[in-house]
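First up is the structure itself, then whatever we jot down about it.
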Amino acid sequence: MPNLNGERPVLAERKTRVVVVGGGTAGWMTAASLASLIPRAASIHLIESAEIGIVGVGEATLPHLRAFITRLGIDEASFMAQTHATFKLGIEFRDFGAIGDRYIHPFGTYGQSLAGVGFHHYWLRRHAAGEAAPIGDYSMGVAAAEARRFARPNPGSDELGDGFGYAYQFDATRFAPFMRAHAEARGAMRTEGMVVDVERDARSGDVVAVLLADGTRIEGDLFVDCSGFRALLIGRTMDEAWEDWSHWLPCDRAVAAPCASPPGPIEPFTRATAMPAGWRWRIPLTHRVGNGYVYSSAHLSDDAAADALVGALESPPLAEPRLLRFAAGRRRRSWVGNVVSVGLASGFLEPLESTSIYLAQMAITQLIEHFPDRQATDADRDGFNATVDAEYDRIRDFLILHYHATTRDNSPFWDHVRTMTIPDTLAEKIALWRQTGQVSRYSHGLFLEPSWIAVYLGQGIVPTGWDPRADLPEAAALDRALAGLRTGIAAATAAMPDHKAYLASAA
């Protein structure tokens with residue numbers, strides 16, 4: 001019946017009922033995103049149990065998180081204050097390619113391209129002649145990190161001093177509560193309880209409802225599995241197979257312990273130091289330093305790992321070392337039926353390049369882009385799974401590169417990763433780089449050309465060739481340009497404030 005204005009009323013369609021199983025970082029990021037970005041399409045009900053702790057050691061992130069919090073309308077200063085965050089310009093790797101080597105993988109480019117030819121080709125030409133400084137000298141991000149300085153770059157600027165990106169280092173135990181407050185303020189519901197059973201439709205196999213230990217029954221149209229390694233829905237209920245990658249990424253455990261911050265500057269970067277059976281992280285926050293040893297249990301005992309970690313700390317630990325167990329790999333499909341897995345339930349790649357939160361963020365973004373109108377279609381699932389699979393596969397190859405590109409031969413662990421058979425996809429990338437200085441390109445993916453260049457060169461894989469167009473400029477002119485670039489970067493870095501002082505001024 002028309003209303004008093006002569007208009008026919010629009011019947012409101014029922015929202016898709018989304019049930020998120022599990023809290024923590026992945027669960028509350030999912031809830032906050034859906035509640036913020038598609039509130040008219042979805043109602044969100046999150047179930048979590050206080051009896052189940054969160055992993056809570058993923059304190060280092062990638063620049064993509066900045067776009068995430070901005071998109072959700074979160075104030076950066078408030079976020080950083082509540083999570084004790086510092087800025088991050090990249091990751092420093094020590095002793096990976098060879099003992100005594102170090103390099104920084106920056107969030108930004110090297111130099112500037114010329115006539116459509118990437119800067120690194122010109123650098124390779126002069127490096128072969130012994131006339132180029134280390135490639136990190138031509139990166140604004142590396143220079144600022146080395147100097148322990150920071151200032152926010154101007155988006156879209158062509159100025160030399162703005163040629164870098166940044167991420168955050170924060171207290172992961174505070175991130176999920178921060179996301180929870182954001183989600184609940186926008187209508188997300190939370191129920192405390194342990195899922196003990198799952199109801200499925202006899203014909204379709206879709207999940208209809210979950211049952212909690214206290215007898216509560218919660219129905220939904222779409223279920224998001226954020227239950228971590230337990231994978232209650234995608235694994236135990238939908239029985240989706242796990243693709244194991246431990247033969248390429250053998251680190252399967254970590255011990256973590258915080259320690260007090262030392263006096264002096266706060267580094268605007270995460271540090272990864274190679275160890276005999278894996279590697280050790282150091283993440284500086286405003287109130288403490290996060291530390292951990294990621295290792296292969298086939299090459300080191302848990303007690304020995306804990307002792308090695310504590311022995312390497314710069315100050316006494318603030319808590320007993322915490323043991324974490326995991327395995328590298330992913331589900332063959334991350335969306336099955338009406339169950340979507342996000343975070344550790346979907347897959348796990350060790351934190352060597354700080355990808356854990358990114359992978360959850362990426363899956364959430366894909367879920368929103370393929371969000372079903374109550375009933376998911378094969379097109380929704382296939383599109384989601386294809387993107388998620390590609391991201392995991394490409395990041396897997398990038399991580400393997402850090403282990404395989406080494407001359408280390410001082411322990412059984414490094415002997416194994418140095419000599420192991422690697423995926424064909426990675427072998428092809430390395431061969432192309434060695435011969436031509438070209439980085440394999442793809443239109444979508446996390447780690448693009450500058451990242452691969454950083455690790456290739458940082459770990460001793462120097463191409464024998466380069467783009468022939470890089471031979472066109474006169475050597476003297478090219479050397480003057482390289483020197484001018486270094487001088488300009490040094491001047492721009494000197495104009496930046498100290499990172500610790502910048503944090504204090506921004507508080």
Side-chain angles (χ1 to χ4, degrees), residues 25 29 54-70 74-94 104-108 141-142 144-153 164-179 254 256-262 264-273 279-294 309 313-315 318-319 322 350-361 446 451 496-507:
T25 296
M29 283 180 69
I54 63 172
V55 173
V57 297
E59 298 162 325
T61 66
L62 298 173
H64 301 73
L65 187 63
R66 290 169 47 211
F68 176 82
I69 68 170
T70 299
I74 294 172
D75 177 69
E76 182 183 74
S78 173
F79 158 73
M80 293 189 70
Q82 293 190 48
T83 60
H84 296 298
T86 58
F87 293 105
K88 176 182 175 184
L89 293 169
I91 305 173
E92 179 194 47
F93 290 94
R94 292 186 174 184
I104 290 179
H105 168 198
F107 300 143
V142 171
E146 297 278 20
R148 277 62 173 173
R149 293 177 178 272
F150 182 82
R152 289 181 181 87
F164 66 97
Y166 69 90
Y168 310 106
Q169 301 169 134
F170 59 75
D171 187 339
T173 63
R174 292 176 176 263
F175 184 57
F178 182 88
M179 286 288 107
C259 70
S261 300
I266 296 177
E267 290 86 350
F269 57 85
T270 299
R271 177 176 298 137
T273 303
W279 61 278
R280 175 167 48 87
W281 79 70
R282 181 186 186 276
I283 305 173
L285 310 180
T286 59
H287 66 311
R288 63 171 173 80
V289 175
N291 307 275
Y293 186 175
V294 178
L309 174 64
L313 298 183
E314 56 209 293
S315 60
L318 299 175
R322 179 184 175 196
E350 59 163 89
L352 184 59
E353 282 281 356
S354 309
T355 54
S356 181
I357 289 177
Y358 166 79
L359 286 167
Q361 176 186 339
L446 173 58
S451 296
M496 287 182 169
D498 172 79
H499 178 223
K500 190 173 186 178
Y502 190 90
L503 288 168
S505 68

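Just the heavy atoms: all of them, side chains too, but no hydrogens, waters or symmetry mates, feed the values below. All residue numbers in this chain count up from 1 along the given sequence.
Looking only at atom types and distance, the side chain of Glu353 has a donor-acceptor partner in the side chain of His105 under 3.5 Å away.
Proximity of a side-chain donor or acceptor of Thr61 to a complementary backbone N or O of Tyr168 within less than 3.5 Å is detected. Between the side chain of His499 and the backbone N or O of Pro265, no donor-acceptor pair lies under 3.5 Å.
When the salt bridge (Lys or Arg N to Asp or Glu O under 4.0 Å) test is applied to Arg282, the partners found at least two apart in sequence or on another chain are Glu267, Glu314. Applying the side chain to side chain contact (heavy atoms under 4.5 Å, CB included) rule to Ala77 yields the partners Asp75; only residues at least two apart in sequence or on another chain are considered. Phe93 meets the ring pair (Phe, Tyr, Trp, His ring centres under 6.0 Å) test with Phe96, Tyr103, His402; sequence neighbours excluded. Considering only residues two or more places apart in sequence or on other chains, Glu350 meets the salt bridge (Lys or Arg N to Asp or Glu O under 4.0 Å) condition with none of them. Taking the side chain to side chain contact (heavy atoms under 4.5 Å, CB included) definition, one finds that Pro106 meets it with Tyr110, Ser139, Val142, Ala454, sequence neighbours left out.
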Return all side-chain donor-acceptor pairs below 3.5 angstrom for residues 62-70, not counting sequence neighbours, or 'none' if the list is empty.
residue: Arg66; atom: NH1; partner: Tyr166; partner atom: O; Å: 3.4
residue: Thr70; atom: OG1; partner: Arg66; partner atom: O; Å: 2.9

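The pair Arg152-Glu76 meets the salt-bridge criterion, with a side-chain N (NZ, NE, NH1 or NH2) lying under 4.0 Å from an Asp/Glu carboxylate O.
Taking each heavy atom of Ile104 and Ala145 in turn, the nearest pair found is CD1-CB, 3.9 Å.
Trp279 is not listed as a side-chain neighbour of Arg94, based on a closest heavy-atom distance of 4.5 Å or more.
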